[in-house]
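These figures come from a predicted structure and were not determined experimentally.
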Amino acid sequence: MNLLELRAIAAGYGPSQVLFGVDLDVPQGAMVTLLGRNGMGKTTTLRSIFGLIGLRGGEIRFAGRRIDGMETDAIARLGLAIVPEGRQVFPNLSVAEHLSAFARPAADGEKTLAWTAARIFELFPQLAARRTAVGIQLSGGEQQMLAIGRALTTNPRLLVLDEATEGLAPLVREEIWRCLALLKSAGQSILVIDKYVQRLVQIADRHTILERGRVVWHGTSAQLEADPALWTRYLGV
């Protein structure tokens, strides 16, 4: 069963069209990636999902419900949460305040164990030691952990991560991958945008590649790993 479905979506800004008939599925409990070089439409796709820009065509469904045309806050309350590019933590809020300010119960019908601040500190022990530090005092890696924890405290049905490891040191990136692997093993549905294909094929289930606003390939991790020509042609690696 697909939790998120994009069907032939078209979107853009002003007179410029960016997306041309994009299809994307995120099955329940799966980890799916959206790949492509910079400027190929990945961020516009995310903005479309969260209602930040309107569609020019196509439709978006979440848990069987059509969500294109809904307000962003209403979409979020259905159980979507994003870890935004650049982390966007609040500089004057402490770690503990971040994790309490955004907390909400799981969506109706969800039977999974709720994400609380205590569970976030178990997932990221480094944050537990920094619980009283404010956002501006945190390292980039700590801010990224906090951004993920903040999203999880909304108890989302779908967790979306936009460039989750951008600009992080290798050891910190590995900590983020470890976290995502744990979340996936626990049944969390995840959509990821990132450029580290070598790691993504090890933990994700399926991948979709965008080129100039169009889907040019989609398939499994095994298929992507077996075709390095795709990496060179579309991903620049």
Side-chain angles (χ1 to χ4, degrees), residues 1-6 24-36 42 45-46 49-50 61-63 76 78-85 87 99 102-104 106-107 109-127 141 144-166 168 170-210 217-226 231 235:
M1 169 185 154
N2 288 326
L3 182 60
L4 179 69
E5 297 179 330
L6 279 61
L24 176 68
D25 293 329
V26 180
Q28 179 73 47
M31 179 174 172
V32 174
T33 76
L34 184 61
L35 305 174
K42 304 186 300 296
T45 301
L46 291 193
I49 293 170
F50 281 90
R61 292 185 178 272
F62 181 73
L78 293 177
L80 288 89
I82 188 167
V83 180
E85 183 177 9
R87 302 177 279 274
L99 299 181
F102 294 86
R104 68 168 180 256
E110 293 296 296
K111 305 299 184 183
T112 55
L113 183 63
W115 282 102
T116 62
R119 286 191 69 202
I120 299 301
F121 290 145
E122 291 176 3
L123 183 65
F124 294 120
Q126 191 170 339
L127 284 184
Q144 188 62 60
M145 294 174 195
L146 179 56
I148 294 173
R150 178 181 61 189
L152 287 173
T153 62
T154 70
N155 286 287
R157 300 182 68 183
L158 177 63
L159 179 66
V160 181
L161 300 102
D162 188 6
E163 302 290 358
T165 62
E166 182 70 26
L168 299 181
L171 286 177
V172 180
R173 286 202 302 267
E174 287 303 316
E175 178 68 8
I176 302 301
W177 300 131
R178 179 195 68 82
C179 162
L180 294 184
L182 284 173
L183 293 174
K184 179 192 166 188
S185 68
Q188 176 70 55
S189 305
I190 304 171
L191 174 62
V192 179
I193 290 178
D194 213 306
K195 65 181 181 181
Y196 292 98
V197 186
Q198 297 90 337
R199 293 296 281 114
L200 291 170
V201 296
Q202 297 175 29
I203 59 175
D205 299 294
R206 299 190 63 82
H207 311 268
T208 294
I209 299 177
L210 289 184
W217 185 90
H218 63 88
T220 66
S221 282
Q223 291 170 325
L224 182 56
E225 190 170 26
W231 302 24
L235 305 176

Mind checking the [atom1]-[atom2] spacing from [X] to [Y]? Nearest 0.5 Å is all I need.
{"X": "Leu183", "Y": "Ile203", "atom1": "CG", "atom2": "CD1", "value": "10.0 Å"}
{"X": "Leu24", "Y": "Thr208", "atom1": "CG", "atom2": "OG1", "value": "5.0 Å"}
{"X": "Glu166", "Y": "Arg173", "atom1": "CD", "atom2": "CZ", "value": "9.0 Å"}
{"X": "Asn155", "Y": "Trp115", "atom1": "CG", "atom2": "CH2", "value": "9.0 Å"}
{"X": "Met1", "Y": "Asp25", "atom1": "CE", "atom2": "CG", "value": "12.0 Å"}
{"X": "Asp205", "Y": "Thr220", "atom1": "CG", "atom2": "OG1", "value": "9.5 Å"}

Under the rule for salt bridge (charged side-chain N to carboxylate O under 4.0 Å, His left out), what residues qualify as partners of [X], not counting sequence neighbours?
{"X": "Glu163", "answer": "none"}
{"X": "Arg61", "answer": "Glu59"}
{"X": "Arg199", "answer": "Glu174"}

For a 4.5 angstrom cut-off between non-hydrogen side-chain atoms, does [X] reach [Y]?
{"X": "Leu224", "Y": "Trp231", "answer": "yes"}
{"X": "Tyr196", "Y": "Val201", "answer": "no"}
{"X": "Glu5", "Y": "Phe62", "answer": "no"}
{"X": "Val160", "Y": "Val83", "answer": "no"}
{"X": "Val32", "Y": "His207", "answer": "no"}
{"X": "Leu191", "Y": "Leu46", "answer": "yes"}
{"X": "Leu6", "Y": "Val26", "answer": "no"}
{"X": "Pro84", "Y": "Asp162", "answer": "no"}

**Message:** Looking at Glu175 and Arg178, is any side-chain nitrogen of the basic one under 4.0 Å from a carboxylate oxygen of the acidic one?
**Reply:** yes
- Message: With side-chain contact (heavy atoms from CB on, under 4.5 Å) as the criterion, how do Trp217 and Leu35 come out once you've worked through the C-alpha distance, each side chain's angles and the decisive distance to 0.1 Å?
- Response: CA-CA 10 Å; Trp217 185 90; Leu35 305 174; over 6 Å; no
(request) Ignoring hydrogens and angles, tell me if any N or O in the side chain of Glu225 forms a donor-acceptor pair with the backbone of Ala222 under 3.5 Å. (result) no
Original post:
Would you find a donor on one side and an acceptor on the other, under 3.5 Å apart, between the side chain of Glu122 and the backbone of Ala117?
Top reply: no
Smallest separation among heavy atoms of [X] and [Y], with atom names:
{"X": "Ser189", "Y": "Gly29", "result": "OG-N, 2.7 Å"}
{"X": "Ala151", "Y": "Leu159", "result": "CB-CD1, 3.7 Å"}
{"X": "Arg104", "Y": "Ala76", "result": "NH2-O, 2.6 Å"}
{"X": "Gln28", "Y": "Leu3", "result": "OE1-CD1, 3.6 Å"}
{"X": "Gly36", "Y": "Lys42", "result": "O-NZ, 2.9 Å"}
{"X": "Met31", "Y": "Leu200", "result": "CE-CD2, 4.4 Å"}

Intermediate values then yes/no, side-chain contact (heavy atoms from CB on, under 4.5 Å), Ile49 and Leu80:
CA-CA 9 Å; Ile49 293 170; Leu80 288 89; 3.8 Å; yes
Applying side-chain contact (heavy atoms from CB on, under 4.5 Å) to Arg206 and His218, what does each step give before you reach the verdict? CA-CA 7 Å; Arg206 299 190 63 82; His218 63 88; 3.8 Å; yes
query: side-chain contact (heavy atoms from CB on, under 4.5 Å) between Cys179 and Leu123: does it pass, once the steps are laid out?
result: CA-CA 7 Å; Cys179 162; Leu123 183 65; 3.7 Å; yes
